[in-house]
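Notes follow the structure.
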Amino acid sequence: MPSPEQWTHPEPGEGPAAQAAQPSREQVIAGLRNTDAGGAEVTQLLTPEGERIASPQFDRYISDVDPEALRGLYRDMVLVRRADREANAMQRQGQLGIWVPLLGQEAAQVGSGRALKPQDMAFPSYREHGVAYTRGVDFKELLGIFRCTDHGGWDFQAHGFHPYTIVIGNQVLNAAGYAMGQKFEGKVGDDDGEATIVYFGDGATSQGDVHEGFVWAAVYDAPLVFFCQNNQWAISEPTERQSRLPLYQRARGYGFPGIRVDGNDVLACLAVTRWALEECRHGNGPVLIEAFTYRMDAHTTTDDPTRYRLSDELEVWKHKDPIERVRVHLARSGFADQAWFEQIQAEADAFAADLREFCFNMPEPPPERVFANVYAEPSPVLDAQRDEYLSYLAGFVEAGER
């Protein structure tokens, strides 16, 4: 919920504890009308009304974001959202087995993704389509995962973007190990150092894997940015059912810094992530970022959010739309006109149409594909299993011919 008072357990003497795990309807609506989602502690550089806020701490991290760069960030978010909406529609039409929407989280993903350097590595969960886009992964590569034809065919080393992880929170352990390797190999210590970022949701913070990742990264000063997209709902459970403190404050218990950023503000997400990555690549250890955002759609296409959250909540968050605030800022500042916005929308529509054509005509992989790329080296056992399986399938063909 955007009102932290409803789910924060204060320090002794600071005020009353949270009243209940499930706030009343009136409490929810009152909290949602709070202008600054996330409370006073949130870092925000661009308001929902498109007004730029100066920040002595973070302005230097976006000093290179001129009007052209800001237009680029807007374009990124528009294309990513359009592709996400198209994939959602294709799942409803039976072309994808499932889809995991990112609607409303474009700023958190594009801003943090654009903060990464080529030598950095990103570990996603299963919703980071926007991060994949910023890392140069062809959006078509994502469709095979959700059409159940492959597990992701991109070169994760070349793109600095690890394959998707379905098991909740497991990618945090993988990322911690990778970042520890960066530290052991001496790839940190200056501006050209390496860093790792790992993405997870607020629900994953209740998983043991995430906390183990916190421990290992802290103990070894691993160059790892923990990027939590707090979209308020762990499927059907709100954040206040999982934590008595704002999530970013959990970092304190592990001995590294935590910060909360407006996850619907692409400039703030870019600046804060650049700062965190700089801390990591210089050898100062891990950082936890809580991007305070909102999931505007269902958890996945198998979910019905109308069963557990209020429509009023969704309507209020629409006024905090991450794309709209950049559009308003560009228009008010004279950095873009209506013709340019229409051009970007046309480009996004063409991008989506290309995805649709690809998905509808995606070839079915041959059965032996399931045995490919299982191990880095040849495996006689796996080869024997493959041959046995193909022989089994051939028996059906021969029987049909007779």
Side-chain angles (χ1 to χ4, degrees), residues 46 50 68-114 124 126-147 152 154 161 164 199 229 231 263-267 269-270 293-301 305 314 317-331 335-362:
L46 196 63
E68 181 179 0
L70 188 57
R71 288 193 294 269
L73 292 171
Y74 176 85
R75 176 183 177 274
D76 287 343
M77 292 192 292
V78 171
L79 263 63
V80 166
R81 174 173 292 187
R82 185 66 183 83
D84 172 74
R85 294 298 81 199
E86 193 67 28
N88 205 75
M90 287 191 289
Q91 191 282 329
R92 298 307 191 196
Q93 295 164 358
Q95 295 299 318
L96 300 176
I98 193 173
W99 182 249
V100 186
L102 61 72
L103 185 65
Q105 297 179 221
E106 296 87 357
Q109 296 194 14
V110 169
S112 62
R114 288 300 184 197
Y126 42 70
R127 198 187 303 274
E128 278 68 54
H129 322 313
V131 182
Y133 174 82
T134 66
R135 298 303 278 168
V137 176
D138 192 329
F139 216 97
K140 295 173 183 176
E141 295 276 14
L142 305 178
L143 297 182
I145 301 173
F146 299 99
R147 194 177 170 90
W154 62 86
F161 187 77
Y164 275 16
Y199 293 87
Q229 293 177 85
N231 63 22
N264 284 18
D265 177 355
V266 70
L267 289 181
C269 289
L270 175 63
T293 182
Y294 189 78
R295 169 167 57 81
M296 298 289 287
D297 203 342
H299 175 71
T300 71
T301 47
L314 182 62
W317 273 93
K318 285 181 179 180
H319 295 292
K320 304 175 189 203
D321 186 276
I323 296 178
E324 183 64 17
R325 68 177 68 185
V326 179
R327 189 195 70 79
V328 171
H329 180 73
L330 287 171
F335 298 153
D337 57 18
Q338 185 60 32
W340 184 84
F341 289 120
E342 292 175 357
Q343 172 191 330
I344 295 301
Q345 188 58 56
E347 185 179 350
D349 290 340
F351 184 55
D354 185 48
L355 284 176
R356 171 174 287 270
E357 182 178 359
F358 172 81
C359 186
F360 273 62
N361 297 290
M362 190 185 301

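If you read the sequence from its start, that first residue is 1, and numbering goes on from there. As the structure is a prediction and not an experimental result, all values here were calculated from the model.
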Rounded to the nearest 0.5 Å, how far apart are [atom1] of [X] and [atom2] of [Y]?
{"X": "L355", "Y": "L143", "atom1": "CG", "atom2": "CG", "value": "5.5 Å"}
{"X": "F146", "Y": "Y164", "atom1": "CZ", "atom2": "OH", "value": "5.5 Å"}
{"X": "L46", "Y": "L267", "atom1": "CG", "atom2": "CG", "value": "5.5 Å"}
{"X": "L103", "Y": "N231", "atom1": "CG", "atom2": "CG", "value": "11.0 Å"}
{"X": "Q345", "Y": "Q343", "atom1": "CD", "atom2": "CD", "value": "11.5 Å"}

Any side-chain donor near an acceptor of the partner, S112 and Y199, under 3.5 Å: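 Judged by distance alone, the side chains do pair up.
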
Nearest non-hydrogen partners of [X] and [Y], listed with the distance:
{"X": "A107", "Y": "C269", "answer": "O-CB, 3.8 Å"}
{"X": "R147", "Y": "C359", "answer": "NH1-O, 3.3 Å"}
{"X": "R127", "Y": "A298", "answer": "NH1-O, 4.1 Å"}
{"X": "V328", "Y": "G50", "answer": "CG1-CA, 4.4 Å"}

Taking side-chain hydrogen bond (donor to acceptor under 3.5 Å, both in side chains) as the test, write out the residues that go with [X], two or more places apart.
{"X": "E324", "result": "R327"}
{"X": "Y133", "result": "R75"}
{"X": "N264", "result": "T293"}
{"X": "Q93", "result": "R356"}

Just jot down the side chain to side chain contact (heavy atoms under 4.5 Å, CB included) partners of [X], sequence neighbours excluded, or say none.
{"X": "Q338", "result": "F341, E342"}
{"X": "E357", "result": "N361"}
{"X": "A350", "result": "none"}

H129 side-chain N/O to Q109 backbone N/O, donor-acceptor pair under 3.5 Å: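 Looks like no, no N/O pair under 3.5 Å.
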
Flag, side chain of R325 to backbone of V266, donor-acceptor distance under 3.5 Å: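 Not confirmed, R325 side chain does not pair with V266 backbone.
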
Which residues share a salt bridge (Lys or Arg N to Asp or Glu O under 4.0 Å) with R295, sequence neighbours left out: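 Testing R295 for salt bridge (Lys or Arg N to Asp or Glu O under 4.0 Å), a comparison that skips the adjacent residues, returns D303.
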
Counterpart residues, salt bridge (Lys or Arg N to Asp or Glu O under 4.0 Å), relative to D354 (two or more places apart):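 Per chain and number, D354 pairs via salt bridge (Lys or Arg N to Asp or Glu O under 4.0 Å) with K140.
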
Derivation of the side chain to side chain contact (heavy atoms under 4.5 Å, CB included) call for F161 and T134: CA-CA 10 Å; F161 187 77; T134 66; over 6 Å; no

Compile the donor-acceptor pairs under 3.5 Å between side chains in residues 76-85 and protein atoms, sequence neighbours left out, one pair per line.
from : atom 1 : to   : atom 2 : distance (Å)
D76  : OD1    : R114 : NH2    : 3.2
D76  : OD2    : R114 : NE     : 2.9
D76  : OD2    : R114 : NH2    : 3.2
R81  : NE     : E106 : OE2    : 2.8
R81  : NH1    : D321 : OD2    : 2.9
R81  : NH2    : E106 : OE1    : 3.1
R81  : NH2    : D321 : OD2    : 3.0
R82  : NE     : D349 : OD1    : 2.8
R82  : NH1    : E86  : OE1    : 2.8
R82  : NH2    : E86  : OE1    : 3.2
D84  : OD1    : W99  : NE1    : 2.9
D84  : OD1    : L102 : N      : 3.1
R85  : NH1    : D297 : OD2    : 2.9
R85  : NH2    : D297 : OD2    : 2.9

Summary of salt bridge (charged side-chain N to carboxylate O under 4.0 Å, His left out) pairs that have at least one residue in residues 130-139, sequence neighbours excluded: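 Qualifying pairs, neighbours excluded: none.
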
Parallel, tilted or perpendicular, as decided by the 30° and 60° cut-offs, for the rings of Y74 and W340: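 Judged by the thresholds at 30° and 60°, the geometry between W340 and Y74 is tilted.
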
Test ring-ring contact (aromatic ring centres under 6.0 Å, His included) applied to F335 - qualifying residues, sequence neighbours left out: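 Partners of F335 under the ring-ring contact (aromatic ring centres under 6.0 Å, His included) test: none.
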
